[in-house]
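To start, the structure under review is shown below, and the notes come after it.
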Amino acid sequence: MDTLHVYNSLTRRKEEFVPLHPPMVGMYVCGPTVYGNAHLGHARSAISFDIVFRYLSAQGYRVRYVRNITDVGHLVNDGDEGDSKIEKQARLEQLEPMEVAQHYTNTYIEDMTALNIRRPSIEPRATGHIPEQIEAIQKIIENGYAYVSEGSVYFDVQSYNKDFTYGKLSGRDLDNILAESREDLEGQSEKRHPADFALWKKASPSHIMRWRSPWSEGFPGWHIECTAMSTKYLGTKYDIHGGGMDLLFPHHEAEIAQSNACNCHEPESLHDEARYWLHNNMITYEGQKMGKSLGNAIDLRQFFTGHHRLLEKAYAPMTIRFFVLQGHYRSTLDFSNTALMASEKALSRMADAIKRLDGIDPHGKAIAVQADFEENLGSFVKDVTFAMNDDFNTARVIARMFDTLSVINQLYKAEGNTFAVQPDTFLEFRRQFHVVFSDWLGLELDAEDGESKQETLDGVMKLLLNLRLDARKNKNWAQADQIRDQLVKMGIKLEDTASGTDWYWEQ
RNA sequence: GGCGACGUGGCCGAGUGGCUAGGCAGAGGUCUGCAAAACCUCGUACAGCGGUUCGAAUCCGCUCGUCGCCUCCA
């Protein structure tokens with residue numbers, strides 16, 4: 001596709017991406033509830049929207065990317081009853097709730113950084129925006145779409161549904177929700193309708209996290225934070241709202257309703273608060289969704305260390321990232337050790353090729369263009385751009401990158417003084433390949449830390465390789481092999497080529 | 001039950017009606033002191049059954065199966 005198209009969950013179609021106020025783009029993504037270590041699912045969501053952030057930026061847009069940290073209001077059980085997730089964890093760990101939130105915010109950011117996920121422009125916390133949330137709730141009450149009950153405030157879905165359509169994002173209608181939940185009505189709920197959801201909850205005496213409000217001392221409901229914070233930083237209408245598919249209902253549905261109710265959007269406006277709603281799919285394990293509540297979620301730290309019963313080994317953060325990018329973000333992605341090891345191997349192969357790519361010097365050689373090589377490298381940018389424009393199809397981008405590997409390797413290993421590609425084509429391709437690898441996909445090679453150390457190591461390696469070369473010239477195979485074998489044990493692999501010996505870090 | 005996805009070669013995983021996706025694993029070969037890497041070749045896959053079409057993995061229908069949301073989850 002020549003222009004960027006994104007799949008919009010709201011319309012269930014791919015649509016051309018047209019920002020409201022180019023070159024500015026506003027994007028809001030639902031971040032984690034910080035009561036535990038981040039797992040593979042968090043990584044997928046963060047990576048998916050990191051790709052959106054990176055690609056839009058690379059296209060010249062000025063993106064304001066807001067990703068929230070939920071540190072209050074998210075309850076353990078069903079809608080609007082029971083404990084706060086953070087408070088429950090705080091009791092378990094015998095900590096202040098804010099200590100829990102801070103701790104897991106830190107680990108989240110550390111893990112995301114390890115995955116080379118760019119920090120968003122703004123990472124607001126729910127507890128830092130209590131006044132904004134109270135203000136939003138007040139507006140909703142004033143507009144007639146919420147009511148106070150026993151010190152708590154609930155969103156009045158039925159009243160909202162008279163002016164707007166509740167359920168259009170997730171394809172539900174209110175009658176169905178009512179019909180299914182009839183039994184719940186029997187209980188002495190504070191709610192008028194089972195589909196109503198809490199905007200503000202009065203705190204029970206044991207509840208630690210509490211703030212003053214016009215209605216009671218309490219805390220905000222889960223959904224309102226996103227409305228308040230997106231409005232504050234992106235305005236009442238912005239471009240992209242993202243999150244995991246499991247947030248489609250009720251979270252995003254509630255958010256659309258709140259936002260319309262609060263900001264008085266035109267009924268039936270397709271655009272609502274955000275024009276494009278993007279949802280990443282789930283990670284599965286043996287076909288089953290990985291989720292905290294299912295107990296089969298693996299922490300990212302466990303991946304990095306290999307300390308989990310389901311893991312056969314440790315996996316580097318870049319392996320995880322590569323694995324995620326090999327699938328499309330709207331498909332489920334099935335995790336397994338073999339799948340991950342395949343990604344590890346594949347990334348390693350690509351890394352080797354990139355090292356060779358950087359070592360190629362086309363200058364001073366006679367040009368003998370080989371048509372298929374020229375075509376392959378020359379059409380690279382066009383092809384990967386096409387793939388990215390088609391709803392961020394990173395899987396196709398990576399496949400196309402692999403298509404160039406054979407050419408790269410052959411150019412590198414070619415003997416003689418001819419070069420099979422026009423130097424301009426080659427140099428432009430090399431530049432673009434790095435842009436795609438590093439800037440678009442956010443992949444990185446290991447040896448990017450400490451230039452001086454790298455130079456020292458290069459010198460040491462040169463020394464060793466010369467020693468080995470001497471040994472080989474003297475047909476002292478035992479010594480030559482000893483050097484190679486010892487290096488392998490230290491994680492360095494050797495490759496003898498016509499022009500000398502290359503070395504690589506073993507993955 | 002309601003809403004929605006999906007079923008692709010040993011595994012993972014793209015597929016815009018006609019052109020080899022790609023990766024991993026496997027087989028053979030070239031190269032090589034050995035090894036590794038690289039390069040070349042190899043599987044003729046699309047749940048099943050119908051239909052539309054000159055032509056379908058791709059569109060339509062039915063059947064079977066799997067999964068997600070409907071309660072907290074990225």
Return no unless some side-chain N or O of A/N409 is found under 4.0 Å from OP1 or OP2 of B/A37. no

For A/D334 and A/G287, indicate whether the former's side chain and the latter's backbone hold a donor-acceptor pair under 3.5 Å. yes

Can you check the A/E312 CD to B/C24 C1' distance for me, whole Å? 14 Å

If you look at every strand shown and take non-hydrogen atoms under 4.0 Å, does A/D481 touch a base, only sugar-phosphate, or nothing? base

Check each residue of residues 382-391 of chain A for a non-hydrogen atom within less than 4.0 Å of any atom in RNA chain B, then write out the ones that pass by number, or none. A/F386

Any side-chain heavy-atom pair of A/D502 and A/L494 under 4.5 Å: no

Applying a 3.5 angstrom cut-off to the pairing atoms, does RNA chain B sit in any stems of at least three consecutive Watson-Crick or G-U pairs? List them by first number. B:1-7 with B:64-70, B:10-12 with B:22-24, B:26-30 with B:38-42, B:47-51 with B:59-63

May I ask you to check whether A/F380 and A/F433 place their ring centers less than 6.0 Å from one another? yes

Look at all strands and tell whether A/G244 reaches a base, only sugar-phosphate, or nothing, counting heavy atoms closer than 4.0 Å. sugar-phosphate

Between C1' of B/C67 and CZ of A/F335, the distance in whole Å: 18 Å

Near-ring test A/H207/A/F219, centroid separation under 6.0 angstrom: yes

Classify the side chain of A/R484 versus the base of B/A36 as yes if they form a donor-acceptor pair under 3.5 Å and no if they do not. no

Are OP1 or OP2 of B/C69 and a side-chain N or O of A/K289 less than 4.0 angstrom apart? yes

Taking only the P atom of each, what is the distance from B/G48 to B/U58 in whole angstrom? 10 Å

Rounded to whole angstrom, note down the C1' distance from B/C34 over to B/A57. 46 Å

What does A/S343 touch in the nucleic acid at a heavy-atom separation under 4.0 angstrom: a base, only the sugar-phosphate, or nothing? nothing

B/A37 versus B/G43 - spacing of their P atoms, nearest Å: 23 Å

Consider the side chain of A/N280, meaning its heavy atoms from C-beta on, and name the nucleotide among B/A38, B/C70, B/A74 that approaches it most closely. B/A74

Phosphate-side-chain proximity, A/K345 and B/A25, N/O vs OP1/OP2 below 4.0 Å: yes

Would you say the ring centers of A/F426 and A/F419 fall short of 6.0 Å from each other? yes

So what does A/H39 touch, heavy atoms closer than 4.0 Å: a base, only the sugar-phosphate, or nothing? base

When the distance from NZ of A/K475 to P of B/U32 is rounded to whole Å, what number comes out? 13 Å

Between A/Y7 and A/F392, is the ring centroid distance below 6.0 Å? no

By nearest nucleotide on RNA chain B, pick out whichever of A/Q288 and A/K413 is the more 5' one. A/K413

Need one value for A/T497: base, sugar-phosphate or nothing, where a base atom within 4.0 Å counts as base even if backbone is also close, heavy atoms only. nothing

Aromatic contact, A/H223 with A/H252 (centres under 6.0 Å): no

With C1' as the reference atom in both, quote the distance from B/U44 to B/C59 in angstrom, rounded to an integer. 24 Å

Is A/M245 touching bases, backbone alone, or none of the nucleic acid, heavy atoms closer than 4.0 Å? nothing

Please measure how far the P atom in B/G51 lies from the corresponding atom in B/A38, and state the result in whole Å. 48 Å

Taking every heavy atom of A/R12 against every heavy atom of A/G171, the minimum-distance pair comes out as NH2-N, 3.3 Å

Base B/C6 to side chain A/R330, donor-acceptor N/O within 3.5 Å cut-off: no

OP1 or OP2 of B/C40 versus the side-chain N and O atoms of A/Q410: is any pair under 4.0 Å? yes

Taking any heavy-atom pair under 4.0 Å as a contact, classify A/L247: base, sugar-phosphate, or nothing. sugar-phosphate

For atom P, what is the distance between B/A74 and B/C69, given to the nearest Å? 12 Å

Got a donor-acceptor contact below 3.5 angstrom from the A/N376 side chain to the A/D403 backbone? yes

For B/U52 and B/C60, measure between their P atoms and round to the nearest Å. 15 Å

Does A/R396 have a side-chain nitrogen or oxygen under 4.0 Å from the phosphate oxygens OP1 or OP2 of B/G15? no

Under 4.0 Å, heavy atom to any atom of RNA chain B: which of residues 107-123 of chain A qualify? none

N-O pairing of A/E110 and A/R301 below 4.0 Å: yes

Using a cut-off of 4.0 Å on non-hydrogen atoms, how would the nucleic acid contact of A/R400 be classed: base, sugar-phosphate, or nothing? nothing

Whether the side chain of A/D496 and the base of B/C34 hold a donor-acceptor pair under 3.5 Å is what I'd like checked. yes

Same-atom distance (P) from B/C62 to B/G1, integer angstrom: 16 Å

Distance-only, no hydrogens or angles: does the A/E87 side chain make a donor-acceptor pair with backbone N or O of A/I208 under 3.5 Å? yes

Using a cut-off of 4.0 Å on non-hydrogen atoms, how would the nucleic acid contact of A/D485 be classed: base, sugar-phosphate, or nothing? nothing

May I have the distance from A/D246 (atom CG) to B/G4 (atom P), rounded to whole angstrom? 19 Å

Check whether the aromatic ring of A/W477 stacks on the base of B/G33, taking stacking as ring centres less than 5.5 Å apart and planes within 30° of each other. yes

When you match A/L40 and A/G287 each to their closest nucleotide on RNA chain B, which lands nearer the 5' end? A/G287

Only residue of A/Y160, A/W222, A/F155 satisfying ring pair (Phe, Tyr, Trp, His ring centres under 6.0 Å) with A/F197 is A/F155

Select base, sugar-phosphate, or nothing to describe what A/L405 touches, counting heavy atoms under 4.0 Å on all strands. sugar-phosphate

Going by heavy atoms in the side chains, are A/L169 and A/L248 under 4.5 Å from each other? yes

How is A/A346 classified with respect to the nucleic acid when contacts are heavy atoms under 4.0 Å: base, sugar-phosphate, or nothing? sugar-phosphate

A/N281 vs A/T332, side chain to side chain donor-acceptor pair (under 3.5 Å): CA-CA, chis, key distance, verdict: CA-CA 5 Å; A/N281 215 321; A/T332 55; 5.3 Å; no

Any sub-3.5 Å donor-acceptor pair from A/W440's side-chain atoms to A/F437's backbone N or O? no

Short side-chain N/O contact to B/C40 OP1/OP2 from A/S406, under 4.0 Å: yes

Measure from CG on A/L333 to P on B/C67 and round the result to the nearest Å. 17 Å

Among the nucleotides B/A37, B/C12, B/C70, whichever has the atom closest to the side chain of A/A339 is B/C12

